[in-house]
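Please read these numbers as outputs of a predicted model, since none were measured by experiment. Basis for what follows: all heavy atoms, side chains included, without hydrogens, waters or symmetry-related copies. Along the sequence shown, residues are numbered consecutively beginning with 1.
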Amino acid sequence: MAHFIDRRLNSKGKSTVNRQRFLRRYKQQIKRAVSDAVGNRSVTDLETGEKISIPARDITEPVFHTGKGGKRSIVHPGNDQFTTGDRINRPPSGGAQGGGNGEASDSGEGQDEFVFSISKDEYLELLFDDLALPNLKRTNFDKVIQYETYRAGYQTDGVPSNLDIVRSLKGSVARRIALSGSDRAKLRELEEKLQALKDDKHENTLEIMELEEEIKLLKAKIARIPFIDTFDLRFKNYDRRPIPTSKAVMFCLMDVSGSMDQATKDIAKRFYILLYLFLTRTYENVEVVYIRHHTQAKEVDEEEFFYSQETGGTIVSSALKLMDEIIKERYQNTDWNIYAAQASDGDNWADDSPHCTELLLKSLLPVTRYFAYIEITDRQHQSLWREYEHVAAIADNFVCRHIKDVSDIFPVFRELFKKRTEQPDAVGGF
């Protein structure tokens, strides 16, 4: 039985190149389909792929064909329905799925949509393609990563300037010992035997001649082993590894007080899950700090932030105070780009709202690149929103948006984090 082994470099994904070319060519149509699909699925399902439908008319390709006019001879297959001279009516528009128009019909053809599936990575790449953390320092790169060169062992080929002479000579010695070790041992044995014959008082001329000839051949064999060979050469190998050019931290603040019903909490959770996926997908060096609050605030982990059940009154300033304390304790270094996103239903103790404004303007916004506040409610805005509108009018790095239901999450998210051109510096000299 014959066995065929596929040793092509792309053997397990033979159509990968064609697939990537297709995604690049129809990126705009696919992005529109992905954006439409977001509204039909839970944000918690963003780690799975998506089935995308594109109208067939959007993926038509230009083709070469024979132009009209002139005389042509064409052979058509025979049929049992028409004869020469019969006039054939155009079929009415069909009712097939896709691009067909008109009434339902038992004949004719429609235009089907082109349906295909994209992977999780492709889905997230398209979903977050034009989003970015705003107000990054102008000296930083888009992906917040630079590379440094470091020594990574040795390799057998390279440029002469990277040749390691000592390592190459060590390899040469080892090779010559390995190739000539048995011959040298035999040579020593023959030389000892030859010396013994010469010291013997009896006549051993013939044997001495034979040993001398054998020793001569053995020395010639050992001498043919080159002192250094291309196999011995070792070149210093250098590789690149990513290093952070700048560090970013995102504070996630969420109200879990009694005024936040389960539906509102669910919308807030979805917004932060979307935010978390975006940050971890787009940026390599971003820390996330989760702060939950009612009358008191505390820092929690991801699991407790999204799923722990807790109720109480509402004092928003407690979360802002805790954020300020964490910044001073862990992120005081100017290398950190600090971002914050706060979600609430707008309820707050009335006397506390002016205190929130004071904390933002005096403590947080001077050290924060961007602070986004989303209010999740279908009621009229209250004192907290009015105070935050005042802050937004003063500070360029603060923005507040209103979310009424689940369908508003992704549009608001894209508005908050869409890529921007150069913007005015933030409050406090940033």
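- Residues satisfying the side-chain hydrogen bond (donor to acceptor under 3.5 Å, both in side chains) criterion with T357, sequence neighbours excluded, are E387.
- Taking 4.5 Å as the limit, some side-chain heavy atom of F271 sits within range of a side-chain heavy atom of I374.
- Between the NZ atom of K170 and the CG atom of D164 there is a distance of 8.5 Å, given to the nearest 0.5 Å.
- Closest of all the heavy-atom pairs between P226 and D229 is CG-OD1, 4.0 Å.
- A cation-pi geometry, defined here as NZ or CZ lying under 6.0 Å from the six-membered ring centre and within 45° of its normal, holds between R151 and Y154.
- Remark: L194 CG to M209 CE distance equals 12.0 Å, nearest 0.5 Å.
- Counting only heavy atoms from C-beta outward, the side chains of S344 and I376 never approach each other to under 4.5 Å.
- A distance of 9.0 Å separates CG in L163 from OG in S161, rounded to the nearest 0.5 Å.
- Across all non-hydrogen atoms, the minimal contact from Y331 to I338 is O-CD1, 4.0 Å.
- In this structure, E415 CD and D408 CG are separated by 10.5 Å, a value rounded to the nearest 0.5 Å.
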Can V399 and Y370 be said to form a side chain to side chain contact (heavy atoms under 4.5 Å, CB included), step by step? CA-CA 8 Å; V399 63; Y370 195 65; 3.1 Å; yes
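- Counting only heavy atoms from C-beta outward, the side chains of K193 and Q195 never approach each other to under 4.5 Å.
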Please tabulate, for the side chains in residues 180-190, all donor-acceptor contacts under 3.5 angstrom to protein atoms that are two or more places apart in sequence or on a different chain.
unit_1: S180; atom_1: OG; unit_2: R176; atom_2: O; d: 2.5
unit_1: S180; atom_1: OG; unit_2: R184; atom_2: NE; d: 3.1

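- When every heavy atom of T156 is checked against every heavy atom of R234, the shortest pair comes out as CG2-NH1, 3.8 Å.
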Please assess Y150 against N237 for the test side chain to side chain contact (heavy atoms under 4.5 Å, CB included), listing each intermediate value before the final yes or no. CA-CA 9 Å; Y150 69 101; N237 185 32; over 6 Å; no
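- Note on R401 versus E375: no salt bridge recorded, every NZ/NE/NH1/NH2 to OD/OE distance being 4.0 Å or above.
- Environment of CG in L217: crowded, with over 12 heavy atoms of neighbouring residues, nucleotides or ligands closer than 6.0 Å.
- Between the side chain of S363 and the main chain of L360, no donor-acceptor pair closer than 3.5 Å is present.
- When every heavy atom of I409 is checked against every heavy atom of I403, the shortest pair comes out as CA-CD1, 4.3 Å.
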Side chain to side chain donor-acceptor pair (under 3.5 Å) between Q342 and Y388, worked out: CA-CA 11 Å; Q342 180 183 359; Y388 277 3; 3.1 Å; yes
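- Scanning both residues, L322 and E299, for their nearest heavy atoms gives CD2-N, 3.6 Å.
- Judged by distance alone, with hydrogens and angles left aside, the side-chain atoms of N397 form a donor-acceptor pair with the main-chain N or O of L365 at under 3.5 Å.
- Within 6.0 Å of the CZ atom in F231, the count of heavy atoms belonging to other residues, nucleotides or ligands does not exceed 12.
- Looking only at side-chain heavy atoms (C-beta outward), K321 and H355 come within less than 4.5 Å of each other.
- Using a 4.5 Å cut-off on side-chain heavy atoms (C-beta onward), I291 and M254 make no contact.
- For the pair D239 (side chain) and A152 (backbone), a donor-acceptor distance under 3.5 Å is absent.
- Here L211 contributes atom CG and L197 contributes atom CG; the two are 5.5 Å apart, rounded to the nearest 0.5 Å.
- Checked for salt-bridge contact, R175 and D232 meet the test: a charged N lies under 4.0 Å from a carboxylate O.
- Using a 4.5 Å heavy-atom cutoff, the side chains of I326 and F251 are in contact.
- Within the 4.5 Å cutoff, the side chain of Q296 has no heavy atoms near those of the I315 side chain.
- In this structure, NZ on K221 lies 10.0 Å from CG on L179, to the nearest 0.5 angstrom.
- With 3.5 Å as the limit, one finds no donor-acceptor pair spanning the side chains of Y290 and E304.
- Side-chain contact check for Y238 and Q155: no donor-acceptor pair (N or O, by modelled atom type) lies under 3.5 Å.
- Side chains of T295 and T314 form no contact here, defined as non-hydrogen atoms less than 4.5 Å apart.
- In this structure, S168 and L233 approach most closely via the heavy-atom pair OG-CA, 3.6 Å.
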